[in-house]
Amino acid sequence: MNTPVKPTGNRVIIFDTTLRDGEQSPGATMTHDEKLEIASMLDEMGVDVIEAGFPIASDGDFAAVSDIAKNADRATICGLARANLKDIDRCWEAVKHAKSPRIHTFIGTSPLHRAIPNLTRDEMAERIHETVTHARNLCDNVQWSPMDATRTEWDYLARTVEIAIKAGATTINIPDTVGYTAPNESAELIRRLIAEVPGADEIIFATHCHNDLGLATANSLAAVEGGARQIECTINGLGERAGNTALEEVVMALKVRHDIMPFTTGVDSRKLMAISRRVASVSGFPVQFNKAIVGKNAFAHESGIHQDGMLKNAETFEIMRPEDVGLSETSLVMGKHSGRAALRSKMKELGYELADNQLADVFVRFKALADRKKEVFDDDLIALMQDEERQAEDRIKVERLRVVCGTDGPQEAALTLTIDGEAKSSEATGDGPVDAAFNAVKALVPHSATLQLYQVSAVTEGTDAQATVTVRMEEDGRIVSGQSADTDTVVASVRAYVNALNRLLMRRERGGTDGREISYKDVG
């Protein structure tokens, strides 16, 4: 077995939970192949630990964790398990083929969480000892988490941490499950645990912060200053509710402010932008324009003072270089006269390695886009590529759409879809062209899902810009997202709607079971 080594000095372990906690964002469910792809990118980028999923949640989750474990080259592969023997056994079966496996088991220790399984302090303490011991008998690398640690009474938190250490836990994670704490509290809690709990100096302390008050990254960095040497985070801060600590923010904060935070990681920051865009694509959660590090406006300047300063010295208004996160210095290169070699080179620069057949397909769509737009920007190419990937395995595809709109209603839509290879057509009216088109889709693919979100944003500037449309739908507790881009907003809207329906069909086939739908009472 691969016994974990406690990091020395200021080395910080990056523990990525995009595929577990990130996927718990309502509507962010990923396919098996998408999970394997993201895991491969994380592994290549230098992430130390990948929490690949919750193996007991479903057969699909188990298969994904197992396949990721078998294919990982460098990263430790971790699975999540509740505090019961069945969960832990299932988790071990999924991760045991990894070169470096880890079992992560947890239980809620705060008064609110203890009340749910109706366990006394002593009963919970016995459960922790039993389950951590069982996990350690299976795997040398065991992580234990007291869920809602920041709202747990100090004496009980210290007691349970000591029990877990004595039972064999090699990493103790202190989660701020509801994003309640503040940076000074986060640092002091880790500092006090290390100072007062017997055996604490022999294990690794980790921090897992949620972003309900917008403090996740600050709390994580404060915990590191308090002595934690593992940060749990996700790409783009994806996760429950307001999300988690964002990996890209942590990595760049440690790199930029090395003067006051002399900590290092093994993550290649030049790959951040590529994986950020890929996670946004497969999860259906677009990155907000003003998102730190990876947002569209992170390196954009509009005011005259800023532009003047940038022309004279880029460091005047930028504390990092675009190249440091994988951005190119130029964004306008391609046009309708560009050839295949130029497209392949540009896509590689943007993080996409295209095989010959894939290049041929993308080239056709690129030429069609170039004929409709005066200028093709990097963001246009990324949107085109993401749209290509979203539609690759869809059972339902948009073949043809015609809409009639204007001041005289009702608006009309005539639509042809290919459903499992068979072309079907319908016509419908509605309150506007998008509503009419959605009604036409529903006539061909009946469903009871409700539209929770419809969002349109321009990929680039100008009246010929591509529009990226995101929709979110809910049916019987299943929440799915869809996304698409096109110079025609209505076409993009219908493709996004159909993309969401494809995800809904996938969730129906899987039975809709995932980590969010497992009852807390099953901890027993």
Side-chain angles (χ1 to χ4, degrees), residues 17-38 51-65 80 82 87 90 210 234 236 238-244 279-286 386 389-398 417 419-420 434-435 437-455 469-484 493-522:
T17 184
T18 302
L19 298 175
R20 200 280 298 170
D21 199 334
E23 203 203 14
Q24 289 180 199
S25 298
T29 300
M30 304 176 198
T31 67
H32 182 90
D33 289 344
E34 288 169 347
K35 290 180 181 180
L36 266 61
E37 179 188 358
I38 297 301
E51 188 166 53
F54 199 168
I56 198 71
S58 69
D59 290 342
D61 230 33
F62 177 88
V65 176
L80 185 68
R82 294 163 299 174
D87 267 41
R90 186 68 166 164
H210 280 262
T234 62
N236 300 337
L238 199 64
E240 292 272 10
R241 304 180 313 280
N244 294 281
V279 169
S281 173
V282 302
S283 68
F285 277 59
Q386 291 174 344
E389 292 163 337
R390 278 189 289 265
Q391 297 177 40
E393 298 181 1
D394 285 352
R395 290 177 54 191
I396 311 168
K397 297 183 179 181
V398 179
L417 299 178
I419 304 174
D420 292 330
V434 173
D435 186 50
F438 283 10
N439 288 338
V441 173
K442 195 168 183 179
L444 295 174
V445 188
H447 60 83
S448 59
T450 58
L451 186 64
Q452 294 187 324
L453 171 72
Y454 172 75
Q455 180 177 297
V469 177
T470 302
V471 302
R472 189 169 302 152
M473 302 166 67
E474 187 272 334
E475 180 187 68
D476 297 331
R478 303 183 185 98
I479 300 176
V480 294
S481 296
Q483 198 174 66
S484 187
S493 299
V494 173
R495 285 180 174 159
Y497 191 70
V498 167
N499 180 238
L501 285 176
N502 278 292
R503 288 176 173 266
L504 185 61
L505 291 176
M506 179 185 69
R507 293 289 300 280
R508 285 176 180 171
E509 291 169 358
R510 287 174 47 185
T513 303
D514 57 30
R516 293 183 300 278
E517 298 175 12
I518 292 181
S519 171
Y520 194 123
K521 67 183 179 182
D522 291 335

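In this chain, numbering begins with 1 at the start of the sequence shown.
When the options Leu451, Leu453, Val494 are evaluated for a side-chain contact (heavy atoms from CB on, under 4.5 Å) with Val471, the one that passes is Leu451.
Listed for the Glu474 side chain is a donor-acceptor partner under 3.5 Å among the backbone atoms of Gly477. Judged by distance alone, the side chain of Asn244 and the main-chain N or O of His210 form no donor-acceptor pair under 3.5 Å. Remark: the backbone N or O of Leu238 is paired with a side-chain donor or acceptor of Thr234 at under 3.5 angstrom. Of the possible donor and acceptor atoms, one in the side chain of Glu34 sits under 3.5 Å from a partner among the backbone N and O of Thr31.
Between atom CD1 of residue Ile479 and atom CD of residue Glu475 there is a gap of 12.0 Å, rounded to the nearest 0.5 Å. Rounded to the nearest 0.5 Å, atoms CD (Gln24) and CG (Asp21) are 5.0 Å apart. Rounding to the nearest 0.5 Å places CG of Leu501 at 10.0 Å from NZ of Lys442. Considering OG of Ser493 and CZ of Arg495, their distance stands at 11.0 Å, rounded to 0.5 Å.
Scanning both residues, Asn236 and Ala280, for their nearest heavy atoms gives ND2-N, 3.9 Å.
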Requested in this report: Go through the steps to decide whether Met473 and His447 satisfy the test side-chain contact (heavy atoms from CB on, under 4.5 Å), and finish with yes or no.
Outcome: CA-CA 11 Å; Met473 302 166 67; His447 60 83; 3.7 Å; yes
Query - Criterion side-chain contact (heavy atoms from CB on, under 4.5 Å) on Ser484 and Tyr497, from CA distance to verdict - result: CA-CA 9 Å; Ser484 187; Tyr497 191 70; over 6 Å; no
Query raised in the report: How far apart are the C-alpha atoms of Arg472 and Val480, what are their side-chain angles, what is the distance that settles it, and do they pass the side-chain contact (heavy atoms from CB on, under 4.5 Å) test?
Result: CA-CA 6 Å; Arg472 189 169 302 152; Val480 294; over 6 Å; no
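In this structure, Met30 and Thr18 have side chains that are in contact, with non-hydrogen atoms separated by less than 4.5 Å. Under the 4.5 Å side-chain criterion, counting only non-hydrogen atoms from C-beta, Ile396 is in contact with Leu505. Under the 4.5 Å side-chain criterion, counting only non-hydrogen atoms from C-beta, Ser25 is not in contact with Glu240.
Taking the charged nitrogens against the carboxylate oxygens, Arg20 and Asp61 have no contact shorter than 4.0 Å, which rules out a salt bridge.
Side-chain atoms of Gln455 and Thr470 form no donor-acceptor pair, as typed in the model, at a separation below 3.5 Å.
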